[in-house]
Protein chains: 2
Amino acid sequence: MTATPRDPVDAIAAQWAAVRPDLDTVPMTVYGRIYRISRAMGDRIEKEYKRFGISRGEFDVLATLRRSGEPYTLSPRQLSATTMLTTGGMTGRLDKLEKAGLLSRSPDPNDRRGLRVTLSEKGREIVDESVTAGLEMQHEVLDGVLDAAEAEQLNGLLRKLLSAH
Amino acid sequence: MTATPRDPVDAIAAQWAAVRPDLDTVPMTVYGRIYRISRAMGDRIEKEYKRFGISRGEFDVLATLRRSGEPYTLSPRQLSATTMLTTGGMTGRLDKLEKAGLLSRSPDPNDRRGLRVTLSEKGREIVDESVTAGLEMQHEVLDGVLDAAEAEQLNGLLRKLLSAH
DNA sequence: GAAAAGTAGCTTAGGAGTAAGCTACTTCTC
DNA sequence: GAGAAGTAGCTTACTCCTAAGCTACTTTTC
């Protein structure tokens, strides 16, 4: 007999324990929760950004430019490396964002192979508004279940775990 | 001046703090790490399952059937609900898995609208091998950076956080 | 300074997901 | 028990991603 499942992830682990008692299900519960939280927050943040007319992936591009500081200019190569996206995918995102007037492409004066991508004024406004809204939303969710000490503890453990990847 | 960044997520938070000192970046670091860990483990587990000829999504289907216990039979509807996939997506996955001989579809004797999806012997073998391999891999990663008490602490905090979603 | 190797960004083909809508069947309602 | 409403699974159209290969240009090597 297993303990009463406390959440859907525990329920899945209990099912496994019943049919495969030889398994150590702890790693599955840790990574299962991480996966579900990531996905749930992804959905919420997607909705939040949608209010500003951009997708999560588009936000990533704008945010990378914004936090690089003035003059808000990077190459497509730097952007695709930072956002963990292939260059093919980046071409498509830049096309959409350029068409929406949130950034512009111009030739790199020092390397005729390259381009420079620059955030427009409208792009800077939108990313500033959406990053604020997203952080506020995340803050509310966190505050609802963890106090400041717990959040710090969680962050420390996550930093350790991320270092293994 | 901010403290020396300890990982890429801290570096991003430090960049934001430099250009937008008004932001509270704590939620971003928590969810940023969760997102990156989820993605990194997703890539690793994908490779692990590939050794058995299946994708991560296909594993999810087989695993859901396997842990439901004998006779390893569920409806497409139950499968798409459990795996958080639309029915359209499930149709495609079942097509692939049926063609590979890992499961079979048969009419539901009690409801002529419905189907029953049943794990084949070959499917059961593959899911049993791959779940063992995946858990071992995850176990090694966890053991490399967290002791048992820390893992339990992390799991507790994650359970709390997941409950907010 | 010419050839070889490397790099930047784009294009194309293919995979896998969602959303909406379809047909067939079942359940509810009177 | 006939009509209305609901449900199961599939199909289609669309989106967005990756992987591989292209052209153009730069850097290294001899």
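Chain identifiers are assigned alphabetically (A, B, ...) following the order of the sequence lines, protein sequences preceding nucleic acid strands; residue numbering begins at 1 within each chain.
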Look at the side chain of A:Thr87 and decide which nucleotide, out of C:dC10, D:dC10, C:dT18, has an atom nearest to it. C:dC10

Check every strand shown and say whether B:Gly89 touches a base, only sugar-phosphate, or nothing at a heavy-atom separation below 4.0 Å. base

Ion pair present between B:Arg124 and B:Asp128, side-chain N to carboxylate O less than 4.0 angstrom? yes

Under 3.5 Å, is there an N or O donor on one side and an acceptor on the other linking the side chain of A:Ser55 and the base of D:dC16? no

What is the distance from CZ of A:Arg113 to P of C:dA8, rounded to the nearest Å? 6 Å

When B:Leu85 and A:Leu115 are each assigned the nearest nucleotide of DNA chain C, the 5'-most assignment goes to A:Leu115

Does OP1 or OP2 of D:dA8 have a side-chain N or O of B:Arg77 closer than 4.0 Å? yes

Check A:Glu150 against A:Val145 and note the closest heavy-atom contact, atom names and distance. OE1-O, 4.0 Å

B:Met84 atom CE is separated from C:dA19 atom C1', nearest whole Å, by 19 Å

Between B:Arg93 (CZ) and D:dC10 (C1'), how many Å, whole number? 16 Å

From CG of A:Asp108 across to P of D:dT26 the rounded distance in Å is 10 Å

Using a strict cut-off of less than 4.0 Å between a Lys/Arg side-chain nitrogen and an Asp/Glu carboxylate oxygen, indicate whether B:Arg93 and B:Glu58 qualify as a salt bridge. no

May I ask you to say what B:Gly92 touches in the nucleic acid, namely base, sugar-phosphate or nothing, with a heavy-atom cut-off under 4.0 Å? nothing

Let me know the distance between CG of A:Asn110 and P of D:dC25, rounded to the nearest Å. 16 Å

Expressed in angstrom and rounded to an integer, what is the separation of A:Leu79 atom CG from C:dC10 atom P? 11 Å

At 4.0 Å (heavy atoms only), tell me whether B:Ser75 reaches a base, stays on the sugar-phosphate, or touches nothing. sugar-phosphate

So A:Arg105, base contact, sugar-phosphate only, or nothing? Heavy-atom distance under 4.0 Å. sugar-phosphate

Does A:Lys96 put a side-chain nitrogen or oxygen below 4.0 Å from OP1 or OP2 of D:dC16? yes

The residue, B:Gly57 or A:Asp111, whose nearest nucleotide of DNA chain C is more 5′ is A:Asp111

Measure from CZ on B:Arg112 to P on D:dT7 and round the result to the nearest Å. 20 Å

What integer distance in Å separates B:Glu98:CD from D:dC10:P? 9 Å

Would you say that more than 12 heavy atoms from the other residues, nucleotides or ligands in this model lie under 6.0 Å from the CD of B:Glu152, or not? no

Does one side chain, of A:Thr87 or A:Ser80, offer a donor that lies under 3.5 Å from an acceptor on the other? no

